[in-house]
Asks: 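Before we start, here is the structure in question, set down as structure tokens.
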Amino acid sequence: MRALVVYETMFGNTRKIAEAIADGMRDSAHVDLVEVTDAPDDISDAVDLLVVGGPTHAFSMSRYSTRQEAAHRGGRVADLPRGIRDWLSDLPSGESKPIFVAFDTRVDMPLMPGAASRSATRAARRKGFTHTAAPESFLVEGYEGPLVDGELDRARQWGHSLTAGPAD
Ligand SMILES: Cc1cc2nc3c(=O)[nH]c(=O)nc-3n(C[C@H](O)[C@H](O)[C@H](O)COP(=O)(O)O)c2cc1C
């Protein structure tokens, strides 16, 4: 199996989760891991599984304005010109599409609605991805992080479960 993991991050937490997911997947797949700014403009036919993740901003995927706000709060110095919302929207709506699965990071607050991964899954369906797997969220303690204890292990296991066969 060949997989592509595309991630967006402002404070580095989603990058760590993406790296752990890719690690878990590598047991049974060839995995390419790229930040959204370097992601290809189209998905190669060779990709069987597309995994897309980003931070939850304002109950959904980030927008330019929310990334600017993150930058003002001490996130990456240069604000990110495109996030996963823009990348997904710019993908061509061709016929052949890999399996799609999304993840996000969000703050550890039980009643906080919305998750970037759910919005990304809806966007992917609109784009023509007919095979989508259940999205997953990973928790951070505050806007800047750090990740909640145990989330990196959970991400590694989740990644493994995406590519491992049913007997695994
Ligand atoms: C502008 C802004 C809006 C946010 N809105 C939400 C939100 O609606 N729900 C939530 O759970 N977390 C929210 N957060 C927290 C982010 O999810 C958190 O910063 C992110 O998971 C950290 O990931 P990163 O280090 O990869 O940027 C917000 C953060 C920012 C900067």
Side-chain angles (χ1 to χ4, degrees), residues 3-26 31-41 43 49-91 100-127 129 132-163:
L4 174 65
V5 180
V6 177
Y7 70 90
E8 171 193 331
T9 188
M10 289 304 294
F11 298 100
N13 300 281
T14 316
R15 174 186 298 116
K16 289 181 189 157
I17 292 291
E19 287 168 351
I21 289 169
D23 263 3
M25 293 167 73
R26 283 198 179 100
V31 186
D32 289 317
L33 173 70
V34 288
E35 186 160 14
V36 65
T37 39
D38 300 324
D41 293 333
I43 309 296
L49 174 66
L50 174 63
V51 183
V52 177
T56 299
H57 280 182
F59 318 121
S60 183
M61 292 181 279
S62 78
R63 297 176 184 277
Y64 185 67
S65 58
T66 65
R67 293 193 295 275
Q68 278 184 315
E69 192 180 329
H72 289 143
R73 283 169 169 263
R76 53 200 306 147
V77 181
D79 40 17
L80 209 56
R82 78 171 175 183
I84 56 169
R85 174 194 296 271
D86 317 290
W87 181 72
L88 281 171
S89 152
D90 289 346
L91 280 181
F100 179 94
V101 60
F103 68 95
D104 64 67
T105 54
R106 60 185 177 88
V107 289
D108 187 12
M109 283 174 72
L111 296 179
M112 187 80 126
S117 59
R118 291 208 291 272
S119 311
T121 304
R122 284 194 294 272
R125 289 202 188 108
R126 284 196 297 273
K127 194 44 87 173
F129 287 86
T132 55
E136 185 63 75
S137 291
F138 297 91
L139 301 176
V140 294
E141 285 181 13
Y143 271 26
E144 298 81 8
L147 288 161
V148 166
D149 271 357
E151 290 300 77
L152 282 179
D153 280 344
R154 201 164 69 77
R156 221 169 275 116
Q157 282 160 23
W158 187 70
H160 182 78
S161 74
L162 294 176
T163 51

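Everything quoted here is computed from the prediction, not taken from an experiment. Numbering of ligands and ligand atoms starts at 1, following listing order.
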Asks: Tell me if a side-chain donor or acceptor on N13 pairs with a main-chain N or O of E144 at a distance below 3.5 Å.
Replies: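 Checked: pair present.
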Asks: Is a donor on one side and an acceptor on the other found under 3.5 Å between the side chain of R82 and the backbone of V36?
Replies: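 Looks like yes, one N/O pair under 3.5 Å.
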Asks: Examine distances only and state if a side-chain atom of R67 and a backbone atom of L80 form a donor-acceptor pair shorter than 3.5 Å.
Replies: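 Flag set: sc R67 to bb L80 pair under 3.5 Å.
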Asks: Check whether any side-chain heavy atom of P55 sits under 4.5 Å from a side-chain heavy atom of E8, and report yes or no.
Replies: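 The answer is yes; the side chains approach within 4.5 Å.
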Asks: Assess whether side-chain contact (heavy atoms from CB on, under 4.5 Å) is satisfied between I21 and F138, documenting all intermediate values.
Replies: CA-CA 11 Å; I21 289 169; F138 297 91; 4.1 Å; yes
Asks: Side-chain contact test, heavy atoms from C-beta onward, threshold under 4.5 Å: evaluate it for D153 versus R156 and give yes or no.
Replies: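 Touching, per the 4.5 Å side-chain cut-off.
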Asks: Below 3.5 Å, N or O to N or O, backbone or side chain included: is there any such pair between F59 and ligand 1?
Replies: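 Between F59 and ligand 1 (N or O atoms, distance only) the closest approach is under 3.5 Å.
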Asks: Among all the protein's non-hydrogen atoms, which is closest to atom 17 (O) of ligand 1, and how far away is it?
Replies: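 Result for atom 17 (O) of ligand 1: T56 O, 2.7 Å.
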Asks: Among protein heavy atoms, which sits nearest to atom 21 (O) of ligand 1, and what does the distance come to when rounded to 0.1 Å?
Replies: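 Result for atom 21 (O) of ligand 1: T105 OG1, 2.6 Å.
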Asks: Please write down residue, atom name and distance for the protein heavy atom closest to atom 5 (N) of ligand 1.
Replies: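 Nearest neighbour among protein heavy atoms for atom 5 (N) of ligand 1, to 0.1 Å: A58 N, 2.9 Å.
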Asks: Taking only heavy atoms of M112 into account, list the atoms of ligand 1 that are under 4.0 Å away from them.
Replies: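 Once the distances to M112 are compared, the set is 7 (C), 9 (N), 10 (C), 11 (O).
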Asks: Of the protein's non-hydrogen atoms, which lies at the shortest distance from atom 31 (C) of ligand 1, and what is that distance?
Replies: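 Heavy-atom neighbour on the protein nearest atom 31 (C) of ligand 1: A70 CB, 3.6 Å.
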Asks: Using the ring of each side chain (for Trp, its six-membered ring), is W158 parallel, tilted or perpendicular to F103, with breaks at 30° and 60°?
Replies: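 Ring orientation, 0 to 90° scale: perpendicular.
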Asks: Closest by any non-hydrogen atom to atom 27 (O) of ligand 1: pick that one out of H57, E8, M10.
Replies: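 Checking each option, the heavy atom nearest atom 27 (O) of ligand 1 is found in M10.
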Asks: Heavy atoms only: which of V140, D104, T9, L147 is nearest to atom 24 (P) of ligand 1?
Replies: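 Ranked by closest heavy atom to atom 24 (P) of ligand 1, first place is T9.
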Asks: Run the numbers on K16 and E19 for salt bridge (charged side-chain N to carboxylate O under 4.0 Å, His left out), then give the verdict.
Replies: CA-CA 5 Å; K16 289 181 189 157; E19 287 168 351; over 6 Å; no
Asks: Mark the output for G114 as yes if a heavy-atom distance to ligand 1 is under 4.0 Å, and as no if none is.
Replies: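 G114: no contact with ligand 1 (<4.0 Å).
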Asks: Check each atom of ligand 1 against the heavy atoms of T66 and keep those under 4.0 Å away; list them by number with element.
Replies: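 Going through ligand 1 atom by atom, the ones under 4.0 Å from T66 are 1 (C).
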Asks: What residue and atom, counting heavy atoms only, is the protein's closest point to atom 15 (C) of ligand 1, and at what distance?
Replies: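 In this structure, atom 15 (C) of ligand 1 has Y143 CD1, 3.4 Å as its nearest protein heavy atom.
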Asks: Within the side chain of W87, is there an N or O that forms a donor-acceptor pair under 3.5 Å with the backbone of T37?
Replies: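 No.
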Asks: Counting only nitrogen or oxygen atoms and a 3.5 angstrom limit, does G142 reach ligand 1?
Replies: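 Between G142 and ligand 1 (N or O atoms, distance only) the closest approach is not under 3.5 Å.
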Asks: Donor-acceptor pair, distance only, cut-off 3.5 Å: does the side chain of T56 make one with the backbone of T105?
Replies: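 Yes; at least one donor-acceptor contact below 3.5 Å.
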Asks: Which residue owns the protein heavy atom closest to atom 25 (O) of ligand 1, what's the atom, and how far is it?
Replies: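 Going by distance alone, atom 25 (O) of ligand 1 is nearest to N13 ND2, 2.7 Å.
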Asks: Is there a nitrogen or oxygen of R73 sitting under 3.5 Å from a nitrogen or oxygen of ligand 1?
Replies: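 So ligand 1 has no N or O lying under 3.5 Å from an N or O of R73.
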Asks: Suppose I only count heavy atoms of E69 and a 4.0 Å limit; which atoms of ligand 1 are within that range?
Replies: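 So the answer, numbered in order with elements, is 1 (C).
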